[in-house]
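For reference, the structure discussed in these notes is given below.
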Amino acid sequence: MSRFARIVATGRHLPAERVSNADLLERLGEAHAGRLARFESGSGIHARYRAAPGEATSDLAAAAARQALARADLAPAEVDMILVGTDTPDFPTPATSTVLQAKLGAHQAGTFDIGCACASFPTALATAQGLIATNTGVDTVLVVGAYLMSRHTADDDPMGFFYGDGAGAAVVTAGDRPGVLGAAFEADGRYADYWGIDAGGTVEPASAAAVAAGRHRVRVKHRYPPEVNETGWPRLVRRLVARCGLAVADIDHVIFTQINRCTIEHACAALGLTPERAVMIMGECGYTGSACVPMALDHLLGSGRAAAGDRVVLLGSGVGYNMAAVALEIGSDALRANPG
C-alpha cells in the first residue's frame, strides 16, 4: 500500500511585544519617515512582533510546536522526526532541531535543520513527504518554521521595518490518500551576496573587528530585481501544478512568502488568480521569514475560508536565492484541529 503524507494540525506563535509602525518611527527618528511610509505602502505591513531578550528561535519554535501537537492530540513521545526550517538558528552548531527536541521532550525523534531561508518550510514539508513515503518507521513528522531576524538587525537599520519574529508548525502523518500532492524547487546562487550576514561563518569567523564593523548584522547589500519574484513565483507555480496533474485554476488558495503585498498581487495577476485566493498575514505580523508560510497556513485553516478538499499552494522564496513550492489538499481533520 502506498504511504502518503498529510497535515493533520498546525500551530503558530508570536512573541508578546507588538511594535507598530508608529513605534518604529519613534525609535528610528523622523529622518526615516519617508522611507518607512514607502515601505508600508508597498508591503502592507503595519506592525510586527519582537522576541524578548531571553527568547531564542527554539523557544518560538517550541511554542508553535506544542500548539500543533495539542491540536493533533499527540504527545511529543509520538513524534518520529523533527524538521526545523530557519536561517536564524540558536547556534551555528548544534542544530536548532536538537535543541527543540529537548525542550519538547521528544527524545526518541530524529532531527535535522533545513536552512534555505524563506524556502525552508516548503522544503521541509516536501522532505517530510519523502520520509513518510519511503520509511515505514516514520509515521509522524513535526515540521517547524521559525524566525528571529530582529536579533541580527542593527537598531538604526530601517530595514528592521520588515522583520517580525515568530514560528509556525505542522504535524504531518502517514495516510492512505494524498495530502501533500507534490513539490517543485528553484535556486540561483548568483544572488547569494545580495542579502545576508557576512561574519560568523567560515568565510569570516566571529571577531571583535567583525562586530565593530557591524558585519555580524543582517544587511541588504543589493536590491533584488522585482522580476525575481514577480516572474519567478508564477513560473514555479505553473511547474508545480503541471507535475501534480493540475491546472492553475484548480488552486483554491495560494500562500506566498509574506514580505510584499504588491508582489503577491502581481504574481496572482500573472497566474490569473484573484487576489482573494492569496492569504496575507504580513499586515499584522511583519515579514516572518522562515515562519511566514506555516503561520499563514495556520491562519487559513482557522479563518473559515478553507474547506475540506481545497487545494493550496505554498511557495517560499528567500536569500540564496532559493524558492520551493508545495501543493497540498486540505483534509477535514486539519480543519477540525484548528478552531480559529
Side-chain angles (χ1 to χ4, degrees), residues 14-57 60 86-92 115 117-118 120 146-167 191-201 203-226 228-229 257-263 281-292 317-322:
L14 291 168
E17 183 188 5
R18 182 182 184 272
V19 180
S20 69
N21 289 355
D23 296 331
L24 195 61
L25 179 59
E26 184 176 347
R27 295 180 186 183
L28 290 171
E30 287 296 329
H32 294 285
R35 177 181 284 188
L36 296 187
R38 290 193 300 273
F39 287 167
E40 179 178 335
S41 176
S43 68
I45 293 172
H46 302 287
R48 72 287 298 148
Y49 288 79
R50 295 284 190 255
E55 288 183 301
T57 296
L60 306 184
T86 187
D87 56 345
T88 59
D90 283 16
F91 312 101
C118 306
S120 295
Y147 199 65
L148 212 167
M149 191 60 78
S150 70
R151 196 60 52 79
H152 299 294
T153 310
D155 292 338
D156 60 351
D157 185 352
M159 292 301 293
F161 170 93
F162 292 97
Y163 304 130
D165 302 330
Y191 292 105
D193 66 344
Y194 274 46
W195 186 344
I197 300 172
D198 291 333
V203 170
E204 183 180 4
S207 67
V211 172
R215 291 191 295 274
H216 67 304
R217 299 293 190 184
V218 65
R219 290 189 302 150
V220 179
K221 292 173 280 185
H222 306 284
R223 182 174 180 265
Y224 286 111
V228 169
N229 287 337
T257 288
Q258 303 283 294
I259 189 169
N260 190 300
R261 180 188 59 208
C262 290
T263 303
I281 63 168
M282 64 276 192
E284 177 62 20
C285 302
Y287 170 50
T288 48
S290 312
C292 68
S317 68
V319 297
Y321 187 80
N322 278 293

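The model shown is predicted, which means the values in this text are computed figures rather than measured ones.
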(Q) Determine whether Tyr147 and Tyr287 satisfy the following criterion, ring-ring contact (aromatic ring centres under 6.0 Å, His included), listing intermediate values before the conclusion. (A) CA-CA 9 Å; Tyr147 199 65; Tyr287 170 50; 5.8 Å; yes

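- Judged by the 6.0 Å distance and 45° axis criteria, Arg48 is positioned over the aromatic ring of Phe161.
- Atom CE of Met282 and atom CZ of Phe162 lie 10.5 Å apart (nearest 0.5 Å).
- Side-chain atoms of Asp165 and Tyr49, non-hydrogen and from C-beta on, never get closer than 4.5 Å to each other.
- Side chains of Phe39 and Met159 form a contact here, defined as non-hydrogen atoms less than 4.5 Å apart.
- By the 4.0 Å N-to-carboxylate-O rule, Arg219 lies close enough to Asp198 to be salt-bridged with it.
- Using a 4.5 Å cut-off on side-chain heavy atoms (C-beta onward), Cys285 and Gln258 make no contact.
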Q. Is there a side-chain contact (heavy atoms from CB on, under 4.5 Å) between Thr257 and Cys292 once you walk through the steps?
A. CA-CA 6 Å; Thr257 288; Cys292 68; 4.2 Å; yes

Q.
For His46 and Glu284: C-alpha separation, side-chain torsions, deciding distance, then whether side chain to side chain donor-acceptor pair (under 3.5 Å) applies.
A. CA-CA 6 Å; His46 302 287; Glu284 177 62 20; over 6 Å; no

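- Screening Val218, Leu60, Ile197, Thr57 for a side chain to side chain contact (heavy atoms under 4.5 Å, CB included) involving Thr88 leaves a single residue, Thr57.
- With rounding to the nearest 0.5 Å, the separation of OG1 in Thr288 from CG in Leu14 is 7.5 Å.
- Looking only at distances, a side-chain donor or acceptor of Thr86 sits under 3.5 Å from a matching main-chain atom of Ala146.
- In this structure, Asn21 contributes its side chain and Ile45 its backbone to a donor-acceptor pair below 3.5 Å.
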